[in-house]
Amino acid sequence: MGDKLSRHMTNQEIAKTLSNIAEYLEMTDVPFKPRAYVRVAEAIAAMSESVDRLYREKGASALRSIPGVGASIAEHIKELVTTGHLAYYDQLKKKTPVDLETLTAVEGLGPKKIKVLYEKLRVRTLADLERVAKAGKIKKLEGFGEKSEENILKGIAFVKSSGGRFLLGDAMREAKQIELGLQKIPGIHSFDIVGSFRRRKETIGDIDILVVSDRPHVIMEAFTNLPNVARVYAKGDTKSMVRLQGGIDADLRVVPQESYGAALSYFTGSKDHNIALRKIAIEKKLKLNEYGLFASDKRKATGKMIAGKTEEEIYAKLGLDFIPPELREMGGEIEAAKNHTLPKLIGYEDLRGDLQTQTNWTDGNASIEEMAKEAIKRGLEYIAITDHTKRLAMTHGLDARRIVEQMKEIDNLNATSDKRHGKGKFRILKGTECDILRDGSLDLPDEILRQLDVVGVSVHSLFNLSREDQTKRIVRAMRNPHADILFHPTGRLIHKREPYAVDMSEIIDVARETNTVLEVDALSERLDLKDEHIRMAVQKGVKLAIDSDAHAPSQFSVLEFGIAQARRGWATREDIINTFSAEKMLSMLKDGR
DNA sequence: GCCGTTTTCGGCCCGACTGTTTTCAGTCG
């Protein structure tokens, strides 16, 4: 237990505490303070180096180098990482002891309304909220009404429907922690995260881990004592189950080397995919389970083992091409594997550029140059700078005058980097994330759009137009001769907001007709397009782009989620325009320069 | 609470939309 008390605090945890403080301060109506906390929370969440470590190694003064951190927030962070608590925060919590995170997850509920609900109706949890809403007590409150109560009930239903599932990105962070913890243990031959995580589903119920080792006891001991384990449900000889600090459950199983492939396949699923594999085995007079592929022998419990060490040999013995985990969802992959018609999926190393990034010209937190440097570090050849436009006032969106200025800066940066690296090394592309206005017109004039390399268009307002109006609006934007890419086409936020009502098959048809690229926004709360829409687009020959939507250098890492999503949509390298060189990619866009 | 080619105070990304109102507060982006 000793090392659990002094365990390091992650940036996410610090950021969450600070943003909760901001919400509590909103309740008290103090001006500007909340913004100060939110600003720091965002900066910390986007940092790649650990704030905890920064403090431990360089002291409190180093904390001041984080943008937005002054004397008092530095003190708070210090207290938080050294004691695990923050008295100031505890005080605020005590005053309004509500489950902020779940209540704010309800669309339309913010700190002010939560405060009223607590003070008038003692609402602390989602269950309390549902009870008073159903009892018709909310509509009687001042400032609320019939409609608010209805919307709250709808919001509760949506929050509940996420049913304890976690975003792939959050699961990935936890998985990496576990991997780091286990890496140090001697006797681990291999370590895989299996289940829906390995299939890269957009949300994950729990983290299933498969370890090959001859020393299962050591593994069990080490796993259940990892610093980010909050509680242990079960600890056996070959299987343990725990709850992690972040709230996700994780199961770990140890298998022997000879069963590795069979176990990998079995625990990766999907369940229906496994059933289909077992049926094929039975047709071939074989038996498949988590220990291997066996000759069925009616007299004995198990016959001779035919395969099991690797997944590849199991698929081969069943007469199937290897099926990548992302496709194991019973979407026709078995037939395709039988007929040797599986697509050659885009690979995790195939992206050469990123076509949506924001900078400190609007709501990003790094300069164009810093974003470019990080992209270079990650092996990309180009990025498009696509800051917001003026309609998105909150981001200080660019108008025609400022975007012209930005273009000049990009020209300068490209020119100086040409001198440093030689021509054709890395290219910063001029772009925009141009708002689609109510009527489908765009937030920048055509003569500006014409000068940009990459024009992304997207919806950030009026999410509740009718399906017909929303579709019409987006289609009109796509028909603009300069609109190259439709960014995050459905606007959904997983667990937070439904996609807006829009006819995706019409959008895909219009994309095809107008040569508009559809984006796969890789942010793990967006993953927009969804896998099924990617597949529809690919089938119709519509081109896609996989973008990070990065607002900070560390956020390029989400690209892997976008690639995963594209793979789940059966996309190949050729379907994705930013797998090509900058020149080739640009030639594929509408203006085709 | 933070910050400064506007340094020790006085500003702080702010407009659109919704549902409540009957002139506005809260939320979202």
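Hydrogens, waters and symmetry mates play no part in the numbers below; they use all other heavy atoms, side chains included. First the proteins, then the strands, lettered A, B, ... as listed; each starts at 1.
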J.: Are A/Arg497 and A/Phe463 in a cation-pi contact, defined as NZ or CZ under 6.0 Å from the six-membered ring centre and within 45° of the axis?
T.: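 Yes, a cation-pi geometry.
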J.: Under 4.0 Å between any heavy atoms, over every strand shown, what does A/Leu25 touch: base, sugar-phosphate, or nothing? Just pick one.
T.: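 Counting heavy atoms under 4.0 Å across all strands, no contact is made by A/Leu25.
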J.: Could you state the atom-to-atom distance from CD of A/Glu146 to C1' of B/dG19 in whole Å?
T.: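 Spelled out: CD on A/Glu146 to C1' on B/dG19 is 12 Å.
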J.: If you only use heavy atoms from C-beta on, which nucleotide in B/dC17, B/dG29, B/dG19 is closest to the side chain of A/Asn151?
T.: B/dG19
J.: Remember a base hit wins even if backbone is also touched, and classify A/Asn464 as base, sugar-phosphate or nothing at under 4.0 Å, heavy atoms.
T.: sugar-phosphate
J.: Between B/dG19 and B/dT23, how far apart are the C1' atoms? Round to whole Å, please.
T.: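 Those two atoms are separated by 14 Å.
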J.: Hunt down the Watson-Crick or G-U wobble partner of B/dT8, both distances under 3.5 Å, from any strand shown, or write none.
T.: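 Answer to the pairing question: none, since B/dT8 forms no Watson-Crick or G-U pair.
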J.: What interatomic distance, in whole Å, is found between P of B/dC17 and the corresponding atom of B/dC13?
T.: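 Here B/dC13 and B/dC17 have their P atoms 22 Å from each other.
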J.: Under 4.0 Å, counting only non-hydrogen atoms across every strand here, what does A/Val30 touch: a base, just sugar-phosphate, or nothing?
T.: nothing
J.: Give the nucleotide from the list B/dC13, B/dG29, B/dC2 with an atom nearest to the side chain of A/His460.
T.: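 Of the options given, the side chain of A/His460 lies nearest B/dG29.
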J.: Closest nucleotide of DNA chain B for A/Gly68 versus for A/Val106: which of these residues is on the 5' side?
T.: A/Gly68
J.: Can you figure out which of B/dG1, B/dT27, B/dG19 approaches the side chain of A/Pro111 most closely?
T.: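 Comparing B/dG1, B/dT27, B/dG19 against the side chain of A/Pro111, the answer is B/dT27.
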J.: Taking any heavy-atom pair under 4.0 Å as a contact, classify A/Ser72: base, sugar-phosphate, or nothing.
T.: sugar-phosphate
J.: Taking the cut-offs as 6.0 angstrom to the six-membered ring centre and 45 degrees off its axis, would you call A/Arg200 and A/Phe197 a cation-pi pair?
T.: yes
J.: Scan A/Pro34 against the nucleic acid and name what it touches under 4.0 Å (heavy atoms): base, sugar-phosphate only, or nothing.
T.: nothing
J.: Among the candidates B/dG1, B/dT27, B/dG19, find the nucleotide nearest to the side-chain atoms of A/Ala36.
T.: B/dG1
J.: Can you name the closest pair of heavy atoms from A/Ala171 and A/Ile248 and give their distance?
T.: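 Nearest heavy atoms, A/Ala171 then A/Ile248: CA-CD1, 3.9 Å.
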J.: Would you call the rings of A/Tyr37 and A/His76 parallel, tilted or perpendicular if under 30° counts as parallel and over 60° as perpendicular?
T.: parallel
J.: With ring centroids as reference points, do A/His388 and A/His396 lie under 6.0 angstrom apart?
T.: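 So the answer is no for these two rings.
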